[in-house]
Amino acid sequence: MSSLIRKEYDIPANDFSRAGEASSNVRKLLTQLGVNPTIIKRTSIAMYEAELNAVIHGNGGKARVEIFEDRIEILVYDEGPGIADIELAMQEGYSTAPDYIREMGFGAGMGLSNIKKILINLL
């Protein structure tokens, strides 16, 4: 089945003025399409968390979104070095964000664990 809508968004590195722009655009699009509000909320949060990880840790990247009749597929990829220890990175509160990022209110170490919780709850 081909997608109904396909969008791609640039995610700039370290640009907090644009951080969250892609996930906000997807939230608006899903709202216009009449998607269930619970699905919109969870999708937006998961995408926002992934987007922020690309901004903070991944040297920027892209988000590709495909909306089908029965599902939404989101791929966020970045230019970063990768995650050395995925099991550790998935633990709530674990973060490699530098102090200046934490001082801005980001990098609390909840992003990956939030994404996992949201995805499990959507299945």
Rounded to the nearest 0.5 Å, how far does CD1 of Ile74 lie from NZ of Lys7? 14.0 Å
Same cluster or not: are Ile86 and Leu112 linked, directly or through other Ile, Leu, Val, Met, Phe, Trp or Tyr residues, by side-chain heavy atoms under 4.5 angstrom apart? yes
Of all pairs that satisfy ring pair (Phe, Tyr, Trp, His ring centres under 6.0 Å), the ones with a partner from residues 3-56, not counting sequence neighbours: Phe16-Phe106
Can you tell me how far apart CD1 (Ile40) and CZ (Arg27) are? Round to the nearest 0.5 Å. 9.0 Å
Answer yes or no: is there an ion pair linking Glu73 with Arg71, defined by an N-O contact shorter than 4.0 Å? yes
Sort out for me which residue in Lys41, Arg42, Met47 forms a side chain to side chain contact (heavy atoms under 4.5 Å, CB included) with Ile118. Arg42
Show the nearest heavy-atom pair for residues Glu51 and Ala19, with the distance to one decimal. OE2-C, 4.1 Å
Check whether any side-chain heavy atom of Thr96 sits under 4.5 Å from a side-chain heavy atom of His57, and report yes or no. yes
Close side-chain approach of Ile11 to Lys62, heavy-atom, < 4.5 Å: no
Shortest non-hydrogen contact from Ala97 toward Ile56: CB-CG2, 4.4 Å
Are Val35 and Ile67 side-chain neighbours, meaning at least one heavy-atom pair lies under 4.5 Å? no
Minimum heavy-atom distance between Ile115 and Ala50, given as atom pair plus value: CD1-N, 3.6 Å
Check: Ser23 side chain, Gly20 main-chain N or O, donor-acceptor pair, under 3.5 Å: yes
Do Tyr77 and Ile72 sit in the same hydrophobic cluster, where Ile, Leu, Val, Met, Phe, Trp and Tyr count as joined when their side-chain heavy atoms come under 4.5 Å apart? no
ILVMFWY network linking Ile5 to Val65, side-chain heavy atoms under 4.5 angstrom: yes
Examine distances only and state if a side-chain atom of Asp78 and a backbone atom of Gly80 form a donor-acceptor pair shorter than 3.5 Å. yes
Side chain to side chain contact (heavy atoms under 4.5 Å, CB included) for Val55 and Asp15? Distances and angles first, verdict last. CA-CA 7 Å; Val55 170; Asp15 186 349; 5.6 Å; no
Do other residues, nucleotides or ligands put more than 12 heavy atoms under 6.0 Å from the CZ atom of Arg6? no
Is the shortest side-chain heavy-atom distance between Leu29 and Leu33 below 4.5 Å? yes
Could you measure the distance from the NZ atom of Lys28 to the OG atom of Ser44? Nearest 0.5 Å is fine. 11.0 Å
